[in-house]
Amino acid sequence: MSTIDQLLFPESADSFSEALKHLFDDHSQLFILCDENTFNACFPVLAPLHPLLTEAEILVIEPGEVSKCLEVAQQLFEQLIESNADRQSLLINLGGGVVTDLGGWLASNYKRGIPFLNIPTSLLAMVDAAIGGKTGIDLGHHKNMIGTFAFAKCTLIYPPFLSSLPQTEWMSGSAELVKHALLDERASYDALLEQLPLHWPIPPALIHHSCAFKASVVATDPNDNGPRKMLNLGHTFGHALESWHMEMGTPVAHGIAVAAGLFIELELALQNQAALGEEVAQIQHDLVTHYNFAQWKWPAIEKLMPYIINDKKNDSIGIRCVIWQAFGKFELGALQSEDALTKSYEAAMMHLNNLKM
Ligand SMILES: NC(=O)c1ccc[n+]([C@@H]2O[C@H](COP(=O)([O-])OP(=O)(O)OC[C@H]3O[C@@H](n4cnc5c(N)ncnc54)[C@H](O)[C@@H]3O)[C@@H](O)[C@H]2O)c1
């Protein structure tokens, strides 16, 4: 298996077909994992691109985070065994981040690992989840608790799949583009802002730029021991909000929780560097305008703290966060007290209350 991302950006159905010809060499059987939505909306786009795709066995899961769990994984393992999948089989993950996370995890464990392709169909999966080799499933309400590092044989980014993507998923995916732009340079952020709110059709260059940014960060640190941790910006509060909503039975899309996390964690940036005031205020204004945070119901910080304390990014010394310092500049693994996190959350809530008045 590869140890870095092999990304392809087919510009047309013909070049996509051509790429598949080479990728299907040497495989005994093809399996396609999709959810009900991507089976209906995306499989009909993919199937005509290669004759072997119509002979592939299709594994369909229920859409959404509920499927990223051990029970669904067990059923899928059993289906692979019943169909005599061997180590030369190829699993094609056709879907959003749930399908690419779950499918990558299945493939990296089945018979100690079989090759897989990622064909992301949501914006979030194209620019983020399908790149970087992190696979995983949730355990109860704890996100991504069981996982592996396993890179796809190839990830094919084909924006026409996005033509059927629901508007909430465009909002969710755009949060990861915003995060990449904050970690990249001001020009990336300005170019993205011009295009918000994102919808179909989207300039392919915007997607390519964000994918290339993520892949370049991953390439410097595939196992997430150093600079790759910058990609956790917004995820301390983002994951806590996502997990809390999951537990409450009011799930929010991953990217939307990350956007909220970015909004709150920019207050941590301010606590560390008051001089950032104007710039942070402008970015927070952009986020509030785009995501309408002032209309949200926010939990008390006490409800979020247990998730924050349990976060995978922490160590025995304490809670670790990424602190934004400027475009392209950040502090990794900054130790944060519960008090500092509480203050940043309260400041963010006050900011939103002022907007309501
Ligand atoms: N591995 C990583 O590095 C990484 C990074 C970020 C997020 N993630 C994970 O990704 C998941 C979120 O991904 P997501 O936002 O893509 O969620 P998702 O896979 O649930 O997709 C969102 C919704 O959009 C639908 N959908 C996807 N593509 C479609 C299309 N083209 N047309 C119509 N409907 C379509 C899906 O059926 C689903 O209902 C989370 O589980 C998160 O933890 C992983």
Side-chain angles (χ1 to χ4, degrees), residues 5 33-46 60-69 72 93-105 108 116 118-139 141-152 155 157-177 179-180 199-202 207 210-211 214-215 217-218 221-224 228-235 238-239 241-243 245-246 251-259 261 312:
D5 289 292
L33 178 67
C34 36
D35 70 24
E36 287 153 12
N37 298 331
T38 63
F39 175 70
N40 290 325
C42 306
F43 182 65
V45 177
L46 181 71
V60 184
I61 56 169
E62 185 187 333
E65 194 72 21
V66 285
S67 286
K68 248 177 75 173
C69 65
V72 172
N93 298 322
L94 177 70
V98 165
V99 167
T100 57
D101 272 16
L102 170 66
W105 187 77
S108 63
F116 63 100
N118 277 340
I119 307 187
T121 61
S122 69
L123 180 62
L124 187 140
M126 285 187 191
V127 301
D128 195 3
I131 300 173
K134 282 190 184 175
T135 80
I137 57 174
D138 305 329
L139 196 66
H141 301 302
H142 295 282
K143 289 265 311 164
N144 303 329
M145 274 294 148
I146 304 179
T148 56
F149 282 101
F151 284 85
T155 297
I157 314 279
Y158 188 55
F161 285 123
L162 298 174
S163 63
S164 53
L165 194 69
Q167 194 51 37
T168 332
E169 303 307 329
W170 282 96
M171 297 281 286
S172 173
S174 53
E176 298 289 2
L177 281 126
K179 181 194 77 181
H180 288 169
H199 46 69
W200 179 255
I202 178 173
I207 297 183
S210 204
C211 293
K214 168 134 190 203
V217 173
V218 171
D221 176 23
N223 292 326
D224 204 13
R228 181 173 178 170
K229 290 182 194 294
M230 74 170 89
L231 299 170
N232 292 325
L233 183 69
H235 282 62
H239 270 165
L241 282 163
E242 192 180 4
S243 299
H245 275 285
M246 220 197 293
V252 290
H254 174 78
I256 292 182
V258 169
K312 286 195 296 309

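Just so you know, these numbers use all the heavy atoms, side chains as well, and skip hydrogens, waters and symmetry mates. Whatever order the structure lists them in is the order used to number ligands and atoms, beginning at 1. These figures come from a predicted structure and were not determined experimentally. For the single chain, residues carry numbers from 1 onward in sequence order.
Separation of atoms OG1 (Thr121) and CG (Leu46) is listed at 10.5 Å; rounding is to 0.5 Å. Between the NZ atom in Lys134 and the CG atom in Asp128 there is a gap of 9.0 Å [rounded to 0.5 Å]. Atom CD1 of Ile61 is separated from atom CG of Asp35 by 5.5 Å, given to the nearest 0.5 angstrom. The structure places CG of Asp101 at 10.5 Å from CD1 of Ile137, a figure rounded to the nearest 0.5 Å.
Closest of all the heavy-atom pairs between Ile157 and Pro120 is CD1-CG, 3.9 Å.
In terms of N/O distances under 3.5 Å, ligand 1 is not approached by Thr38. Remark: ligand 1 and Asn37 share an N or O pair separated by less than 3.5 Å (distance only, no angle test). For ligand 1, the polar-atom distance check finds an N/O of Ser122 within less than 3.5 Å of one of the ligand's N/O atoms.
Neither the backbone nor the side chain of Ala253 comes within 4.0 Å of ligand 1, counting heavy atoms alone. Counting heavy atoms closer than 4.0 Å to ligand 1, residue Thr135 contributes nothing at all. At a heavy-atom distance under 4.0 Å, only side-chain atoms of Pro63, from C-beta outward, approach ligand 1. Only the side chain of Leu124 comes within 4.0 Å of ligand 1, counting heavy atoms alone; its backbone N, CA, C and O stay farther away. Contact annotation for Leu165 and ligand 1: heavy atoms of both the backbone and the side chain come within less than 4.0 Å of the ligand. When heavy-atom distances to ligand 1 are checked against a 4.0 Å cut-off, Asp101 comes that close only through its side chain, counted from C-beta outward. Heavy atoms of His254 found under 4.0 angstrom from ligand 1 belong exclusively to the side chain. Residue contacts with ligand 1, taken as heavy atom pairs separated by less than 4.0 Å, involve Pro166 solely via side-chain atoms from C-beta onward.
When atom types are taken as modelled, the side chain of His245 and the backbone of Ser243 share no donor-acceptor pair closer than 3.5 angstrom. Between the side chain of Asn40 and the backbone N or O of Glu36 there is at least one donor-acceptor pair closer than 3.5 Å. Between the side chain of Arg228 and the backbone N or O of Pro222, at least one donor-acceptor pair lies under 3.5 Å. Distance alone, capped at 3.5 Å, places no donor-acceptor pair between the Asn118 side chain and the Asn93 backbone. In this structure, Ser210 contributes its side chain and Leu177 its backbone to no donor-acceptor pair below 3.5 Å. Using modelled atom types, no side-chain atom of Lys179 and backbone atom of Val258 make a donor-acceptor pair closer than 3.5 Å.
Among all non-hydrogen protein atoms, the one lying nearest atom 6 (C) of ligand 1 is Asp128 OD2, 3.4 Å. In terms of protein heavy-atom proximity, atom 14 (P) of ligand 1 is nearest to Gly97 N, 3.5 Å. For atom 21 (O) of ligand 1, the nearest protein heavy atom (residue, atom name, distance) is Gly96 CA, 4.2 Å. Atom 18 (P) of ligand 1 has as its closest protein heavy atom Val98 CG2, 3.9 Å. The single protein non-hydrogen atom nearest to atom 27 (C) of ligand 1 is Thr121 OG1, 3.5 Å, given as residue, atom name and distance. What sits closest to atom 36 (C) of ligand 1 on the protein, heavy atoms only, is Asp35 OD2, 3.3 Å. Annotation: atom 24 (O) of ligand 1 to nearest protein heavy atom, Glu169 CG, 3.5 Å. Scanning the protein for heavy atoms near atom 32 (N) of ligand 1, the closest one is Ser164 OG, 2.7 Å.
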Practice problem: I would like to know whether Phe161 and Met126 meet side-chain contact (heavy atoms from CB on, under 4.5 Å); could you show each step before the answer? | Solution: CA-CA 10 Å; Phe161 285 123; Met126 285 187 191; 4.2 Å; yes
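In the vicinity of Asn144, heavy-atom distances shorter than 4.0 Å reach the ligand 1 atoms 43 (O). The contact set between ligand 1 and Lys143, taken as ligand atoms under 4.0 Å from a residue heavy atom, comprises 40 (C), 41 (O), 42 (C), 43 (O). Listed by atom number, the atoms of ligand 1 under 4.0 Å from Lys134 heavy atoms are 1 (N), 3 (O). Close contacts of ligand 1 with Glu65, meaning ligand atoms under 4.0 Å from a residue heavy atom, involve 40 (C), 41 (O).
Checked against the 6.0 Å centroid threshold, His239 and His142 do not count as a close aromatic pair.
Ligand 1 has no atom lying under 4.0 Å from any heavy atom of Gly255. Using a 4.0 angstrom heavy-atom cutoff, Lys214 counts as in contact with ligand 1. Ligand 1 does not have Gly95 within reach: every non-hydrogen atom of the residue lies 4.0 Å or more from it.
A salt bridge is defined here as a Lys NZ or Arg NE, NH1 or NH2 lying under 4.0 Å from an Asp or Glu carboxylate O, and Asp5 with Lys214 fails to meet this definition.
Sorted by first and then second residue, the side chain to side chain donor-acceptor pair (under 3.5 Å) pairs involving residues 143-152 (not counting sequence neighbours) are Glu65-Lys143, Lys68-Asn144, Ser108-Thr148, Thr135-Thr148, Lys143-Glu242. The side chain to side chain donor-acceptor pair (under 3.5 Å) pairs that include a residue from residues 160-172 number zero, where partners must be two or more places apart or lie in different chains.
Residue nearest to atom 8 (N) of ligand 1, selected from Pro159, Ala129, Gly132: Ala129 (by heavy-atom distance).
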